[in-house]
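Report on the structure given below.
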Amino acid sequence: METADAVVIGAGPVGLFQVFQLGLQGLSSHVIDALPHAGGQCAELYGDKPIYDIPGIKVCTGQELTDRLLDQIRPFAPQWHLGEQASLLEPRAGGGFVVETAQGTRLHVRTVVIAAGVGAFMPRTLKLAGLAAFHGTQMRYRLEANENLQGKQVVVHGGGEAAVAAAIACASAPEALRPAQTTLQHRRDVFDARVDLLAQLQTLRAAGRIQVAVGALTDAVEQDGHLTALVLASPTGECLQLPCDLLLVRLGLAPKWGPLADWGLALERKQLVVDPATFSTSVPGIHAVGDAITYPGKRKLIVSGFHEASLAALAAAEWLAGHALALEYTTSSQRLQRRLGVSLANGR
Ligand SMILES: Cc1cc2nc3c(=O)[nH]c(=O)nc-3n(C[C@H](O)[C@H](O)[C@H](O)COP(=O)(O)OP(=O)(O)OC[C@H]3O[C@@H](n4cnc5c(N)ncnc54)[C@H](O)[C@@H]3O)c2cc1C
């Protein structure tokens, strides 16, 4: 079991800023997110779109905001648990809390901040007879970085941007890693993706590097315990077999509130009820911020979440210390500047 001062559940913009604020209070953080990357809605839903209402930044994209927040929290070196869903949170005999993820991480922390937004972003699943046995092996939702697919028949299932981007990534991988065949499989020969991705898809199709298989998947073919093909009902009624060593399901993501509802915290219409002075939930020591919470006047805005994160960090530090703490400014507090690792000589 790993130990830390705090765990932040959710690496959206508010969870990231929470790490910063906890760090200023001298508290180290672990960060858990179901996504394989930080940024929450900003990175996942509007990474390339402009945001105009972040204080001091005239305009930036969702991804740029994420990158800036990641840069800002670097001095506090959080421990990342990305691609993991927090599944259990309970008080620990003797003090603190135990947090577990569905992927097997177990943490013992002194305090918890839930920044879970609209829920854990989980991949939409494909329900097909015979596929369950290959879950996580020959049927997956994403590839590892630089995964070697040489000689493999890869089928990417989906019609949206995630599927198109994955097929392009497979077909454009360096030759030593590239699959023998990349097939993009969707019920229609129409794909919903950015114009530049559609143009790349067209080029790769024309070059024979991606083949498109249109129709509905109806079954999986197994031989000696291995997935060897998928059965495809074509629009003309034919039943075809698509050779397949790896099925990549890319149907996009859906937020799942999931286990949060079972952690014994007061909820109101699927949102955590907090005290707006401290952002404490109904369980002392567990705070919550961002889109996951409700209090009178709550607005689901990034700037509101940043305010909540700063008060939650101070309240968590005071709860752990057992007494009130003085407010300190980063401009003038040498303690905060030391925690930030800024050189006092040049202030950067
Ligand atoms: C299209 C769009 C445009 C927007 N534009 C603006 C704008 O211009 N300005 C503005 O202020 N706001 C905007 N918003 C709202 C803003 O994105 C949200 O207020 C903000 O993302 C909330 O941040 P958060 O960190 O609370 O939650 P999120 O960004 O939702 O992040 C929560 C994270 O927690 C993770 N998570 C949840 N539960 C678990 C669990 N059990 N285990 C592991 N991980 C978990 C999720 O995977 C997710 O990554 C916009 C929203 C959308 C959808």
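Atoms within each ligand, like the ligands themselves, are counted from 1 in listed order.
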Ligand 1 to A120 polar contact by distance, N or O atoms, under 3.5 Å: yes
Side chain, backbone, both or neither: the part of E44 lying under 4.0 Å from ligand 1 by heavy atom: neither
Distance-only polar pair, side chains of T228 and Q223, donor-acceptor under 3.5 Å: no
F191 and L197, any side-chain heavy atoms less than 4.5 Å apart: no
Geometric N/O contact Q41 with ligand 1, under 3.5 angstrom: yes
Subset of ligand 1 atoms that lie under 4.0 Å from at least one heavy atom of D53: 7 (C), 8 (O), 9 (N), 10 (C), 11 (O)
More than 12 heavy atoms of other groups within 6.0 Å of N146 CG: no
Atom 27 (O) of ligand 1: nearest protein contact (heavy atom, Å): G117 CA, 3.3 Å
Atom 25 (O) of ligand 1: the protein heavy-atom neighbour that sits closest, reported with distance to 0.1 Å: V14 N, 3.1 Å
Y52 N/O under 3.5 Å from ligand 1 N/O: no
T61 versus Q63, side-chain donor and acceptor atoms under 3.5 Å: no
Nearest-neighbour protein heavy atom for atom 13 (C) of ligand 1, which is reported as residue plus atom name and distance: Y46 OH, 3.6 Å
Nitrogen or oxygen of V303 less than 3.5 angstrom from that of ligand 1: no
NZ (K270) with more than 12 external heavy atoms under 6.0 Å: no
Heavy atom of the protein closest to atom 19 (O) of ligand 1 (residue, atom name, distance): D291 OD1, 2.8 Å
Close-contact set for ligand 1 against I51 heavy atoms, below 4.0 Å: 7 (C), 8 (O), 9 (N)
M122 to ligand 1, any heavy atom closer than 4.0 Å: no
Interfacing atoms of ligand 1 (cut-off 4.0 Å, heavy-atom, L260): 41 (N)
Selection residues 82-123 - residue pairs positive for ring pair (Phe, Tyr, Trp, His ring centres under 6.0 Å), sequence neighbours left out: none
Residue pairs fulfilling ring pair (Phe, Tyr, Trp, His ring centres under 6.0 Å) with at least one residue in residues 130-150, sequence neighbours excluded: H135-Y141
Sub-4.0 Å atoms of ligand 1 with respect to non-hydrogen atoms of G15: 25 (O)
Value rounded to 0.5 Å, distance of CG in D189 from CG in L184: 9.0 Å
Proximal atoms of ligand 1 relative to V118 (non-hydrogen, under 4.0 Å): 30 (O)
Within one Ile-Leu-Val-Met-Phe-Trp-Tyr cluster: L82 and V99, side-chain cutoff 4.5 Å: yes
Min N/O separation A34 to ligand 1 under 3.5 Å: yes
Nearest neighbour in protein (non-hydrogen) for atom 11 (O) of ligand 1: I302 N, 2.9 Å
Distance-only N or O hit between ligand 1 and G10, under 3.5 Å: no
Location of contacts on L301 toward ligand 1, heavy atoms closer than 4.0 Å: both
Best match, G119, P50, S87: closest heavy atom to atom 46 (C) of ligand 1: G119
Close N or O approach (G290, ligand 1; < 3.5 Å): no
Atoms in ligand 1 flagged as close to L45, the criterion being non-hydrogen separation under 4.0 Å: 53 (C)
Heavy atom of A115, distance to ligand 1 below 4.0 Å: yes
Pairwise distance NE2(H30) to OG1(T3) - rounded to 0.5 angstrom: 7.0 Å
Ligand 1 N/O within reach of F121 N/O, cut-off under 3.5 Å: yes
side-chain hydrogen bond (donor to acceptor under 3.5 Å, both in side chains) partner of E308, the single match among H287, Q21, Q18, K298: K298
Aromatic ring pairing F279/H307, orientation class (parallel under 30°, perpendicular over 60°, tilted between): perpendicular
Per-atom contacts of ligand 1 with L35, taking only distances under 4.0 Å to non-hydrogen atoms: 49 (O)
Check: Q41/D291 side-chain N/O donor and acceptor closer than 3.5 Å: yes
N-O pairing of R140 and E147 below 4.0 Å: yes
Which residue and heavy atom of the protein sit nearest atom 33 (C) of ligand 1, plus the separation: D33 OD2, 3.3 Å
NZ/NE/NH1/NH2 to OD/OE distance under 4.0 Å, D71 and R74: yes
Option of least heavy-atom distance to atom 20 (C) of ligand 1 (set: G12, G83, A86, P13): P13
